[in-house]
*Asks:* 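Just passing along the structure, written as structure tokens.
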Amino acid sequence: DKFTDLNIEHIPDGASKDVVEASLRNSKPGTIYIMGHKEASFANESLWELNANDKTKFHGITIDEPQELITKGAGKTGAAGRRIMKIPFDHRIGLTATPARKSPAEAYDMLAWVGARKDLGPKAPFVRMFSGFGSGTNAQDAAISKAFYSAVKPFTSGERLSDPTFKTSYVANEIKRTSQQIAKQKELEYNAPQIIKTARQKFIQNVRSNPNHQLRRSKNWEETLYKNANAYAKKEVEAQYRANWDGGNWKENGRFTSLANVLEGKKDQKHVLFIDSRTQRETVMNMIRDLGYTGTQVANIAGAATSGLTGSQMAQRAREFQTNPKMKLALIDKTSTSGYNLQSGDAFHVLGAPLDASEYLQGIGRIVRMPRKGNIEVHSYKYSDNPVEQAHWNSLETQIKILKAVAPAMVTEGA
């Protein structure tokens, strides 16, 4: 605010539609509004109306992670959020380090939104030209990557890293389930029909006995009751399968025994661990306690999904990890893969299965950033005897190629 004569107004997260619309309708020339995706979506009708008049129009819009709105909408923005992308602003700026996450088409849509459609040409030939990521040899992938970067570079600015003073090495720890995990898997498969039956009955009973149950807000809730009960029951079984892969006694779990072996030899270093469930968090805490780490050496920055922390609590713990040399471990999850500086870490360990490549690289980006000292190791832990997990990681690796092609400085590779 001190660097400009323009008036900057902040619309807080959680503001109602009436508050957002009233603020925009009473705006004066030279005013910049800052708000979240959801709050902006509330204003889509007002913005259309205001921008139809030269005297009331907003001349520019800057959106953080605009692909969230282009594709599916972020959070609850939905169709209203996507309508914002079509409002005729004179100037459009998109802010992101991951312009393409799963498909080259995402980069095209985003660049077309900021006004590059004429230069990029029609979408169909663009997508056809760059659809081969991950399907050819390394040389073919490299050639496509170079061509893709050349195509999008004129419309982008900035790099995630500029002339890094460190190298990042990637270690894929291929692990197998222990005999205890295999025995537990067999037990779960044998009991799955009964588990599903019991969970389904419990769900139906809870819905019928509770008039305030969320499902009963629909007038036709009884028509979908059994369908929802089946979905709930299957999730119960899947959760138990997942717990067998990710939790239990860490000494009987292939993922955690492999992690323990790495940590044991590098206790003098600082480690950042990516987790994706409460089960993983509980097992990790038990493991590091057994390895001799104390509570004052661990910064739990995993958010609401796994720990129930607020954003301010996570930020405080991130600062402690950065500034306290005695802190050796930090736990993060999908809610803390962006916005936190943890570059005092020496190694990043991927225990969870990131939803997509951007989540994976954003997590790594907590420590792969400047300024920092020393090289970095990134460890992944994936079951070689779990087809579902292998398929997921194969998909991630293809996505990573796309991301590296769009922003090659995001991922540095070294010896």
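What you are looking at is a predicted structure, and each value in this text was computed from that prediction instead of being measured.
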*Asks:* Work out which heavy atom in Ile275 is nearest to a heavy atom in Ala302; give both atom names and the distance.
*Replies:*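 For Ile275 and Ala302, the tightest heavy-atom pair comes out as CD1-CB, 4.2 Å.
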*Asks:* Test Arg255 against every option in Asn173, Thr178, Asp246 by the side-chain hydrogen bond (donor to acceptor under 3.5 Å, both in side chains) rule and name the one that passes.
*Replies:* Asp246
*Asks:* Quick check on side-chain hydrogen bond (donor to acceptor under 3.5 Å, both in side chains): which of Gln194, Gln201, Lys202 does Thr198 satisfy it with?
*Replies:*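 Exactly one pass, corresponding to Gln194.
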*Asks:* Does the cation-pi check pass for Lys270 over Phe321, that is, NZ or CZ under 6.0 Å from the six-membered ring centre and within 45° of its axis?
*Replies:* yes
*Asks:* Could you tell me which non-hydrogen atom of Glu174 sits nearest to which non-hydrogen atom of Lys382, and how far apart they are?
*Replies:*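 Of all heavy-atom pairs spanning Glu174 and Lys382, the closest is OE2-CE, 3.5 Å.
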*Asks:* Quick one: salt bridge (charged side-chain N to carboxylate O under 4.0 Å, His left out) pairs with a partner in residues 217-236, sequence neighbours left out?
*Replies:* Arg208-Glu222
*Asks:* What I'd like to find out is whether the side chain of Leu331 reaches to under 4.5 Å of the side chain of Val284, using heavy atoms alone.
*Replies:* yes
*Asks:* Tell me, with the steps shown, if Glu377 and Lys266 meet salt bridge (Lys or Arg N to Asp or Glu O under 4.0 Å).
*Replies:* CA-CA 11 Å; Glu377 283 189 356; Lys266 300 182 179 182; 2.5 Å; yes
*Asks:* Evaluate the criterion side chain to side chain donor-acceptor pair (under 3.5 Å) for residue pair Ser344 and Gln322; output intermediate values, then yes/no.
*Replies:* CA-CA 6 Å; Ser344 62; Gln322 280 285 87; 2.9 Å; yes
*Asks:* Can you tell which of Glu187, Glu189, Gln181 makes a side-chain contact (heavy atoms from CB on, under 4.5 Å) with Gln185?
*Replies:*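 When Glu187, Glu189, Gln181 are each tested with Gln185, the side-chain contact (heavy atoms from CB on, under 4.5 Å) holds only for Glu189.
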*Asks:* Show me the donor-acceptor pairs, under 3.5 Å and distance only, between side chains in residues 287-295 and residues at least two apart or in other chains.
*Replies:*
residue, atom, partner, partner atom, Å
Arg289, NH1, Asn286, OD1, 3.0
Asp290, OD2, Trp250, NE1, 2.8
Thr294, OG1, Thr296, OG1, 3.1
Thr294, OG1, Gln297, OE1, 3.4

*Asks:* Taking the side chain as every heavy atom from C-beta outward, state whether Gln180 and Lys251 have any atom pair closer than 4.5 Å.
*Replies:*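 Side chain of Gln180 against side chain of Lys251, heavy atoms only: no contact under 4.5 Å found.
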*Asks:* If you look at every heavy atom in Ser23 and Ile11, which pair is closest and at what distance?
*Replies:*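 So the two residues come closest at CB-CD1, 4.1 Å.
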*Asks:* Within the distance-only criterion (no hydrogens, no angle test), does the side chain of Asn7 pair as donor or acceptor with the backbone N or O of Ile32 below 3.5 angstrom?
*Replies:*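 Flag not set: sc Asn7 to bb Ile32 has no pair under 3.5 Å.
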*Asks:* Identify the heavy atoms of Leu24 and Ala43 that sit nearest to each other, and give their distance.
*Replies:* CD1-CB, 3.3 Å
*Asks:* Provide the full list of ring-ring contact (aromatic ring centres under 6.0 Å, His included) pairs with a residue in residues 261-283, sequence neighbours left out, each pair given once.
*Replies:* His271-His349
*Asks:* Before you tell me yes or no, could you show the steps for Tyr360 and Trp393 under ring-ring contact (aromatic ring centres under 6.0 Å, His included), namely the whole-Å CA-CA distance, both residues' side-chain angles and the distance that decides it to 0.1 Å?
*Replies:* CA-CA 11 Å; Tyr360 170 65; Trp393 273 97; 5.6 Å; yes
*Asks:* Considering all heavy atoms of both residues, which atom of Ser384 and which atom of Gln390 are nearest to each other, and what is their separation?
*Replies:* CA-NE2, 3.2 Å
*Asks:* List the atom of Arg366, the atom of Thr337, and the distance in Å for their closest heavy-atom pair.
*Replies:* NE-O, 2.8 Å
*Asks:* Are the side chain of Ser258 and the backbone of Gly254 linked by a donor-acceptor contact shorter than 3.5 Å?
*Replies:*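 Pair absent, no side-chain N/O of Ser258 close to backbone of Gly254.
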*Asks:* Please check if the distance between the ring centroids of Phe89 and Trp113 is under 6.0 Å.
*Replies:*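 Not under 6.0 Å, so no.
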